[in-house]
S.K.: 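Mind looking over this structure? Questions follow.
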Amino acid sequence: MKIVQASEITQEVVKLSICACRNIPHDVFQAFQKAHNNETSPLGKEILSQLIENSQIAHKKQIPICQDTGMCVVFVELGQDVRVEGGFLEEAIQKGVALGYTEGFLRKSIVNDPLFDRKNTQDNAPAVIHYEIVEGDRLKIIVAPKGFGSENKSALLMLTPAQGLQGVKDFFIQTLENAGPNSCPPLLVGIGIGGTMEKAALLAKKAAIREVGSSNPDERYANLERELMELANSLGIGPQGLGGDTTVFGVNIEWYPTHIAGLPVAININCNAIRHTSIQF
Amino acid sequence: MKILQAPFNHGELKSLRAGEHIQIKGHFLVARDAAHKRLYESIQKGEELPIDLDGECIYYMGPSPAREGEVIGSAGPTTSGRMDIYTPTLLEHGLLAMIGKGYRSDEVVKSMVKHGAVYFVCIGGAGALISQSIKKYEVLAYEDLGAEAIARIEVDYFPCIVAIDSLGNDFYKQGRAKSISS
């Protein structure tokens, strides 16, 4: 049995929140460079070069990559042999997010009530937290701030089994067309297929933080990832939607068994600031 | 690359064409969703506005907080389409240019052509880079809105692309068409 102190979790979440907003992951930086080398539109190339420069300035000056430091999404993988002491895990994480956004000079964008008050909570809490109980004695926390330029363009559709593969492709194109320049392309697209409505959405969100350039272990889904990526990049949307070859950096798919009557598909659009970082206790 | 002084010369603004890459020196306003809503409602009620829109340019942006010794935090554009319902009214009241990211509605484009206005875009996600060209940030109105307050910023070599020119040419359409045909 591993024992982790709640105060330690708070301290680490503070650091993760700040770090995720200021530094893009290495695989994302490499994707920027690769796209810059391959882009044939001069304006698209210039935009990619500015995105590279932007991530370097953010890292060097330790300021946010993007002013929309997002709603903080947290994935927790809690080993069943881990015990949190000295406080409630949920509270420890929420406190870490609130402190991180305040101490790190990150933009506070969360309103207390979605429909009626819409009053800013002033500390960017609460975060959206997803828990998963796993084997062993590890506690992994992934912090993935999500801006709403791209989140607003994400979509979910309950397809019929008859619509099948073509239905998934059509929905993908329709979602990218609708996203256009508003979601700040080049994008990383996460797709969740199967399960129920909420399972598909969660799979899509998880897929969106999977490494750029990685493939689904199932060859059929890996092929679909490649096909959708080529399809997206043939649309001509390009960097910032102003034309070019690079509309997406990648398409990541995660899937789950589903009901005989259904084919849920969720598409989570991630902007060019693909932000996430993690720690394992 | 063309360098434009803001507030803009109306004639010079009208000579710009969609797809042009420019840099801006001078100063313009900053306002986003909540500020637009208040300005719009004030106009509807016939109240006096806290700022003068005549000949102005509005940048749709809500910055991250500035650290001590810094002018501003990260400062990239937000999605312009959310301001579309307010924009024709603001153009009627003297607004001449806008900076943001993303598509505009047909109503906005029509109104822009009528008033000879221009819509610029800058790079979404490049907030750290853009902040380097902002030399001063001063809140003018609606301070209670925090990151959404109306402010004036002073800029030096602020990088922009003409997305929709005063004739209604739209580079989102032109750039994409060019990319597909090549």
Side-chain angles (χ1 to χ4, degrees), chain A residues 21-22 40-44 46-47 50-69 101-102 104-109 118 120 122 147-150 152-153 179-186 234-245 247 271-273, chain B residues 1 18-21 30 32-34 37 60-68 70 72-82 100-104 121-132 144-148 159 161-163 170-182:
Chain A
C21 288
R22 293 177 179 172
T40 57
S41 148
L43 185 56
E46 168 62 25
I47 290 166
Q50 287 194 19
L51 287 177
I52 291 171
E53 196 185 344
N54 181 66
S55 60
Q56 288 166 333
I57 292 171
H59 179 72
K60 192 173 150 212
K61 299 195 84 173
Q62 287 294 290
I63 54 176
I65 298 162
C66 175
Q67 75 289 341
D68 185 357
T69 48
Y101 272 71
T102 306
F105 292 87
L106 307 177
R107 200 180 80 187
K108 289 90 184 170
S109 311
R118 293 196 71 88
N120 199 300
Q122 301 294 342
F148 263 52
S150 59
N152 278 338
K153 294 295 172 186
N182 295 17
S183 48
C184 295
S234 70
L235 295 176
I237 294 172
Q240 298 292 313
L242 293 163
D245 312 304
T247 302
C271 63
N272 62 68
Chain B
M1 193 181 302
E20 266 187 81
H21 216 129
V30 171
R32 49 172 289 159
D33 307 56
K37 187 166 185 272
Y60 305 136
M61 189 269 293
S64 64
R67 278 200 308 219
E68 225 168 291
E70 299 277 348
I72 199 166
S74 201
T78 197
T79 305
S80 310
R82 291 196 314 268
K101 66 167 167 104
Y103 297 139
R104 304 309 303 260
V121 292
C122 50
I123 313 302
L129 173 72
I130 292 168
S131 73
Q132 305 302 294
D144 60 301
L145 295 179
E148 289 199 82
I161 297 152
V162 180
D170 184 343
F171 201 71
Y172 281 122
K173 289 179 188 152
Q174 292 179 346
R176 195 171 163 190
K178 209 160 97 186
S179 180
I180 290 172
S181 66
S182 66

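Quick caveat: nothing in here was measured; it's all calculated off a predicted structure. Side chains included, hydrogens not; waters and symmetry mates left out as well; all remaining heavy atoms used.
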S.K.: Can you tell me how far OG1 of B:T78 sits from CD of A:Q67, rounded to the nearest 0.5 angstrom?
M.R.: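 Answer for the CD-OG1 pair, A:Q67 versus B:T78, is 6.5 Å.
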S.K.: For chain A, which candidate among B:G102, B:S80, B:S64 shows the most heavy-atom pairs at distances under 4.5 Å?
M.R.: B:S64
S.K.: In Å, rounded to the nearest 0.5 Å, how long is the span from NZ of A:K108 to OH of A:Y101?
M.R.: 10.0 Å
S.K.: Using a cut-off of under 4.5 Å for heavy-atom pairs, which of A:S183, A:G241, A:S109 has the most such pairs with chain B?
M.R.: A:G241
S.K.: With only heavy atoms counted, which part of A:D68 is less than 4.5 Å from chain B, the side chain, the backbone, both or neither?
M.R.: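 No part of A:D68 comes within 4.5 Å of chain B.
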S.K.: Quick check on the interface: out of B:A34, B:G127, B:A147, B:S131, who has the most heavy-atom pairs with chain A under 4.5 Å?
M.R.: B:G127
S.K.: A:R22: what forms a salt bridge (Lys or Arg N to Asp or Glu O under 4.0 Å) with it, not counting sequence neighbours?
M.R.: none
S.K.: Looking at NE2 of B:H21 and CD of A:E46, how far apart are the two atoms once the value is rounded to the nearest 0.5 Å?
M.R.: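 So the NE2 of B:H21 and the CD of A:E46 are separated by 4.5 Å.
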S.K.: Return the option, out of A:N120, A:L106, A:L235, with the maximum number of heavy-atom pairs under 4.5 Å with chain B.
M.R.: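 Among A:N120, A:L106, A:L235, the one with the most close pairs to chain B is A:L235.
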S.K.: Counting heavy-atom pairs under 4.5 Å to chain B, which of A:C66, A:G147, A:P185, A:G180 comes out on top?
M.R.: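 Ranked by heavy-atom pairs under 4.5 Å with chain B, first place is A:C66.
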S.K.: Is it the side chain or the backbone of A:L51 that comes within 4.5 Å of chain B heavy atoms, both, or neither?
M.R.: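 Contact with chain B is through the side chain of A:L51 alone.
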S.K.: Looking at chain A, which one of B:P159, B:A126, B:G175 has the largest number of heavy-atom pairs inside 4.5 Å, strictly under?
M.R.: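 Of B:P159, B:A126, B:G175, B:A126 has the most heavy-atom pairs under 4.5 Å with chain A.
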S.K.: Checking heavy atoms, do the side chain of A:I65, its backbone, both or neither come under 4.5 Å from chain B?
M.R.: both
S.K.: How long is the straight-line distance from SG of B:C122 back to CD of A:Q50, given to the nearest 0.5 Å?
M.R.: 9.0 Å
S.K.: By a 4.5 Å heavy-atom criterion (distance strictly below it), what part of A:A273 contacts chain B: side chain, backbone, both, or neither?
M.R.: neither
S.K.: Between A:P186 and A:P239, what is the shortest heavy-atom contact and its length?
M.R.: CD-CA, 3.9 Å
S.K.: Counting heavy-atom pairs under 4.5 Å to chain A, which of B:K178, B:R82, B:K101, B:Q174 comes out on top?
M.R.: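 Most pairs with chain A among the choices: B:K101.
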S.K.: Whether the side chain of A:N54 engages the backbone of B:A128 through a donor-acceptor N/O pair (distance < 3.5 Å, no angle test) should be reported.
M.R.: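 A pair under 3.5 Å: yes.
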S.K.: Picking from B:I180, B:I130, B:I123, B:I72, which has the most non-hydrogen pairs under 4.5 angstrom with chain A?
M.R.: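 Greatest number of close heavy-atom pairs with chain A: B:I123.
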S.K.: Between chain B and each of A:N152, A:D245, A:L43, A:T69, count heavy-atom pairs under 4.5 Å; write down the option with the most.
M.R.: A:L43
S.K.: Looking at chain B, which one of A:I57, A:I47, A:T40 has the largest number of heavy-atom pairs inside 4.5 Å, strictly under?
M.R.: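 Option with the greatest count: A:I57.
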S.K.: With a 3.5 Å cut-off and no angle check, do the side chains of A:N182 and B:T79 form a donor-acceptor pair?
M.R.: no
S.K.: For A:K61, what residues pass the side chain to side chain donor-acceptor pair (under 3.5 Å) criterion, not counting sequence neighbours?
M.R.: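 With neighbours one apart ignored, the set is B:Q132.
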S.K.: Would A:Q56 and B:L129 satisfy side chain to side chain contact (heavy atoms under 4.5 Å, CB included), going step by step from the backbone distance to the final call?
M.R.: CA-CA 9 Å; A:Q56 288 166 333; B:L129 173 72; over 6 Å; no
S.K.: Counting heavy-atom pairs under 4.5 Å with chain B, which one of A:C184, A:G243, A:P64 comes out on top?
M.R.: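 Of the candidates given, the most pairs with chain B belong to A:P64.
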